[in-house]
Number of protein chains: 2
Amino acid sequence: MGDCIFCRIVAQEIAGRIAYEDADLVAFHDINPQAPVHILIVPRRHIESLNAVTQEDAHLLGRMLVVARDLAREHGLADDGYRLVLNTNRAAGQSVFHLHFHLLGGRFFHWPPG
Amino acid sequence: MGDCIFCRIVAQEIAGRIAYEDADLVAFHDINPQAPVHILIVPRRHIESLNAVTQEDAHLLGRMLVVARDLAREHGLADDGYRLVLNTNRAAGQSVFHLHFHLLGGRFFHWPPG
C-alpha cells in the first residue's frame, strides 16, 4: 500500500488534480488523458482490483458509478455521452493495482473498446 | 419498454444465450462479440442509461460488477484479465437504451479504449 501511487494521491502525499472526494471515494484527472475529459474514480481503501472485491463491497462499487455519472453531468458530458472503463489485470491494461474506473468523455468513442 | 430488446431477452420473449440470472440481474452473451468472451450484464428493471440511475440504485449497480467479476472467474478470465465497459449515450456508442455492462476477455486490450 505504501508504494501505491493512488493511495498516495488519496492521502494527499502526491498532488492530484482532484475532481471529487467524500468519505469513501476520490476522483482525480488522469495525468495521461485519452479524451478531453478523463477522470479516475477510486475507493480510498486500497482494493487491488475487481478480483479482490467481496459481496459487501457492492454498495461502494455502485457509488463509484453514481459519482462517475455526477461528474459526467458536471463536466457537460451527460447528453452527448461518456464511456466508463474498468480494467482488471494485465491483458486489460491495468497499470495501477488500486481499483479505478476511467470516466472518458468529450469525443466520439470507437468500437471495439480497445 | 415493449420495444426494448434487452427487456424482451430478460422476459425470455427473445432467446438470449444466458450466462447468469438472479432476481435482479441477467447476463447473456453479446450476439456481436468483440472478444472471445463478451457478455452483457443488465438489470431486469428497464433503466435507460447511467444518466437515469438514482442513489438508491447504488447497490444494484455494484452487484452488476460483482456478477461481472464472478462471470470473469467462471470463464477463466480472472488471472489474465478482463475489461468492463459501460457506454452512455451516442458519443460513447450506446446502441441499446437499457443499461448494460460489457464484460470482455480472452484477448489483449489496447489503450485508449476506443
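The shown structure was predicted, so the numbers you read here are calculated from the model rather than taken from an experiment. Chain identifiers are assigned alphabetically (A, B, ...) following the order of the sequence lines, protein sequences preceding nucleic acid strands; residue numbering begins at 1 within each chain.
- In this structure, Arg69(A) and Val53(B) approach most closely via the heavy-atom pair NH1-O, 2.7 Å.
- The two residues Val66(A) and Leu61(B) have their closest heavy-atom pair at CG2-CD1, 4.0 Å.
- Looking at Leu104(B), the atoms closer than 4.5 Å to chain A (heavy atoms on both sides) all sit in the side chain, from C-beta outward.
- Under the 4.5 Å side-chain heavy-atom criterion for grouping Ile, Leu, Val, Met, Phe, Trp and Tyr, Ile41(A) is not connected to Phe6(A) through any hydrophobic cluster.
- In terms of heavy-atom pairs under 4.5 Å with chain A, the best-connected choice from Arg107(B), His38(B), Met64(B) is Arg107(B).
- Taking OH of Tyr82(A) as the reference point, atom CG of Asn87(B) lies at 10.5 Å (rounded to 0.5 Å).
- Under a 3.5 Å cut-off, the side chain of Asn51(B) and the backbone N or O of Asp79(A) do not form any donor-acceptor pair.
- In terms of non-hydrogen atom pairs under 4.5 Å with chain A, the most contact-rich of Gly62(B), Ala35(B), Gly114(B) is Gly114(B).
- When atom types are taken as modelled, the side chain of Arg90(B) and the backbone of Gly81(A) share no donor-acceptor pair closer than 3.5 angstrom.
- In this structure, NE2 on His102(A) lies 8.0 Å from CZ on Arg83(B), to the nearest 0.5 angstrom.
- Contact tally against chain A (heavy-atom pairs below 4.5 Å) for Gly106(B), Ala72(B), Pro112(B), Gly93(B): the top residue is Pro112(B).
- Looking at Thr54(B), only its backbone comes within 4.5 Å of chain A, counting heavy atoms on both sides.
- Taking the side chain as every heavy atom from C-beta outward, Leu65(B) and Leu65(A) approach each other to under 4.5 Å.
- Note: the hydrophobic cluster containing Phe97(B) does not contain Val42(B) (ILVMFWY, side chain heavy atoms under 4.5 Å, direct or indirect links).
- Chosen from Ala78(B), Ala91(B), Ala92(B), the residue pairing most often with chain A at heavy-atom distances under 4.5 Å is Ala91(B).
- Cluster annotation: Leu40(A) and Ile18(A) are assigned to the same hydrophobic cluster (Ile/Leu/Val/Met/Phe/Trp/Tyr, side-chain heavy-atom contacts under 4.5 Å, transitive).
- Atoms OG1 and CG, from Thr88(A) and Leu84(B) in turn, are 6.0 Å apart once rounded to the nearest 0.5 Å.
- The closest side-chain heavy-atom distance from Val85(A) to Trp111(B) is below 4.5 Å.
- A continuous path of hydrophobic side-chain contacts links Leu103(B) to Leu50(B) [ILVMFWY only; heavy atoms under 4.5 Å].
- Under the 4.5 Å side-chain contact rule for hydrophobic residues, Leu86(B) and Leu71(B) share a cluster.
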